[in-house]
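See below for the structure under consideration.
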Amino acid sequence: MQYVTLGKTGLKVSKIGLGGIPIQKSDVGEVKALFQALMEKGVNYVDTARGYTVSEKLIGEALEGNRDKFVLATKSMARTREAMAKDIEISLNNLKTDYIDLYQVHNPSMENLEQVLAEGGALEALLEAKAEGKIRHLGLTAHSLSVFERALSLDWVETIMFPYNIVESQGEELMKRCSETNVAFIDMKPLAGGAIEDAALALRYICANPDVTIVIPGMYSIDEVEQNLAAVEDVSPLTPEEHAKAAQIRKELGTNFCRRCNYCQPCTAGINISGVFLFAGYLQRYDLGSWGYDRYQSLPVKADACIECGVCESRCPYHLPIRDMLKKCVKDFKEFEQK
């Protein structure tokens, strides 16, 4: 196993970590077996979130007796001091620990981030918890380039999590700035939410980029752990054949894949377009239909509000057929609802 330093945190972590989304569909016994395999293989980084339903609780059960073997990261979408303080306590209780190695502000918009930073905002609770030893390091996750860039200007941000994979390269310039400033770059969505089927190629492609500190694919089976580890441990340069295959994947998915750059926003009808596609991805590709559906239902404006004005498509740098894609999301969510 290759180990790296997680930026300015100084933590030593395995090059590959566990993304805690998929284990929501597992039970306690399965997760305990998974964690035993992680320990045997030398994987010591685990990422979860308050929003991942039972993920924190399952991890807490699996960690009992082995807390010191893992670097534990979680995150919260709380934006106020009071809400964040409450979430931190819930995380500590769920994870059955008295400290969390890395606590992250979970996917804020620019407006959300300003609320986090303002008086009475979530940052106050995070800093208090850090001073009390409940949290050791702070980070931020994002899907928006503007939030990514803003985060790099904040001195308390020690890690940034952002999508990067064969088809999503929009963050590459900011990833370089992470390296220059010793802010750890945590790579999420390595398989583009399940859209990339060749996991080995996807992980080798990601790890070939020196600006990626650690990659955290979602895993819920021992077979997935073994397959993903084999890919990450192969540090040989990508072959011409692999480069060609990556280019082919990029070509195929590039015609209908949302990279969540948000250049299409704001929507005339108020739809959070990239949010719709993100939640639909969990339904369509990630076998987490209920989780994706519930989050879609939380959106104040649904995809069926589209008035087909086409403004979004005129802004999209990837020329996506956004109106047709939204129609498919409406259809898929409706079919899921009727099951």
Side-chain angles (χ1 to χ4, degrees), residues 6-11 47-52 56 71-92 99-164 170-171 173-189 211 213-214 216 260-263 265-266 270 272-275 278 295 298-300:
L6 194 66
K8 61 181 70 173
T9 72
L11 296 168
D47 176 85
T48 182
R50 288 289 309 111
Y52 299 168
E56 281 188 339
V71 172
L72 187 58
T74 191
K75 44 196 175 293
S76 166
M77 297 191 77
R79 308 308 185 205
T80 67
R81 176 179 181 174
E82 182 179 4
M84 182 61 80
K86 181 179 179 180
D87 267 2
I88 291 168
E89 294 302 321
I90 293 173
S91 290
L92 290 166
Y99 73 96
I100 293 166
D101 295 288
L102 175 65
Y103 212 97
Q104 301 153 104
V105 176
H106 193 173
N107 192 27
S109 65
M110 286 295 285
E111 182 180 1
N112 292 156
L113 184 53
E114 292 310 314
Q115 184 181 9
V116 167
L117 300 173
E119 184 176 353
L123 180 60
E124 291 182 0
L126 289 168
L127 292 175
E128 287 173 4
K130 186 178 180 182
E132 294 169 358
K134 296 177 180 179
I135 292 171
R136 297 193 171 173
H137 302 282
L138 301 177
L140 180 144
T141 80
H143 288 92
S144 160
L145 280 173
S146 58
V147 173
F148 188 167
E149 185 169 26
R150 178 78 170 94
L152 282 169
S153 71
L154 303 173
D155 59 8
W156 55 270
V157 173
E158 299 173 86
T159 68
I160 293 177
M161 185 190 296
F162 193 80
Y164 172 69
Q170 67 271 21
E173 289 304 312
L174 294 176
M175 290 164 61
K176 292 177 182 176
R177 286 175 54 185
C178 283
S179 294
E180 293 166 358
T181 56
N182 199 28
V183 171
F185 180 82
I186 303 170
D187 183 54
M188 65 169 161
K189 301 293 185 292
D211 296 319
T213 309
I214 182 174
I216 53 168
R260 298 186 293 278
C261 63
N262 286 317
Y263 289 125
Q265 300 289 157
N272 178 348
I273 296 170
S274 63
L278 176 65
R295 272 140 190 81
S298 72
L299 295 174

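Worth saying up front: this structure is predicted, and the values here are computed from it rather than measured. Position 1 is the first residue of the sequence, and the numbers go up from there.
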> Could you walk me through whether R295 and S298 pass the side-chain hydrogen bond (donor to acceptor under 3.5 Å, both in side chains) check?
Replying inline: CA-CA 5 Å; R295 272 140 190 81; S298 72; over 6 Å; no
Using a 3.5 Å distance criterion without hydrogens, assess whether the side chain of [X] forms a donor-acceptor pair with backbone atoms of [Y].
X	Y	value
D101	A73	no
K75	T48	yes
Q104	T74	yes
T213	F185	yes
D87	M84	no
E149	L145	no
T9	H137	no
D187	Y164	yes

Which atoms form the tightest heavy-atom contact between [X] and [Y], and what is the distance?
X	Y	value
A78	A122	O-CB, 3.6 Å
P163	A142	CD-O, 3.4 Å
I100	L72	CG2-O, 3.6 Å
N112	P108	CB-CB, 3.7 Å

Measuring only between side-chain heavy atoms, which start at C-beta, is [X] closer than 4.5 Å to [Y]?
X	Y	result
F148	C178	yes
V105	L126	yes
M161	D47	yes
S274	H143	no
Q115	M110	no
Y103	L92	no
I160	I186	no
E56	R50	yes

>> The test is side-chain contact (heavy atoms from CB on, under 4.5 Å); show your working for Y52 and H106 and say whether it passes.
In response: CA-CA 11 Å; Y52 299 168; H106 193 173; 4.1 Å; yes
Should [X] and [Y] count as an ion pair when the cut-off is N to O under 4.0 Å?
X	Y	answer
R79	E114	no
K176	E173	yes
K134	E128	no

Interatomic spacing from [atom1] in [X] to [atom2] in [Y] - rounded to 0.5 Å:
X	Y	atom1	atom2	result
L113	L140	CG	CG	6.0 Å
L152	M175	CG	CE	11.5 Å
L138	L102	CG	CG	7.5 Å
R150	S144	CZ	OG	12.5 Å
S76	N107	OG	CG	12.0 Å
T141	F162	OG1	CZ	10.5 Å

>> According to side chain to side chain donor-acceptor pair (under 3.5 Å), who are the partners of Q170, at least two apart in sequence or on a separate chain?
In response: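 In terms of side chain to side chain donor-acceptor pair (under 3.5 Å), with neighbours along the sequence ignored, Q170 is linked to no residue.
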>> The criterion is side chain to side chain donor-acceptor pair (under 3.5 Å); which residues satisfy it with T181, sequence neighbours excluded?
In response: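 With sequence neighbours excluded, T181 shows a side chain to side chain donor-acceptor pair (under 3.5 Å) to no residue whatsoever.
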> Checking side-chain contact (heavy atoms from CB on, under 4.5 Å) for the pair E124/E119: CA distance, chi angles, key distance, verdict?
Replying inline: CA-CA 8 Å; E124 291 182 0; E119 184 176 353; 4.0 Å; yes
> Given the rule in the side-chain hydrogen bond (donor to acceptor under 3.5 Å, both in side chains) test, do D211 and S179 qualify, once you have shown the distances and angles that lead to the verdict?
Replying inline: CA-CA 6 Å; D211 296 319; S179 294; 2.6 Å; yes
>> If you count heavy atoms of other groups shown closer than 6.0 angstrom to NZ of K86, is the number above 12?
In response: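 Open: at most 12 neighbouring heavy atoms sit under 6.0 Å from NZ of K86.
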>> Holding to salt bridge (charged side-chain N to carboxylate O under 4.0 Å, His left out), I want the full list of residues that pass it with R136, two or more places apart in sequence or in another chain.
In response: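 Salt bridge (charged side-chain N to carboxylate O under 4.0 Å, His left out) check on R136 returns nothing, list empty.
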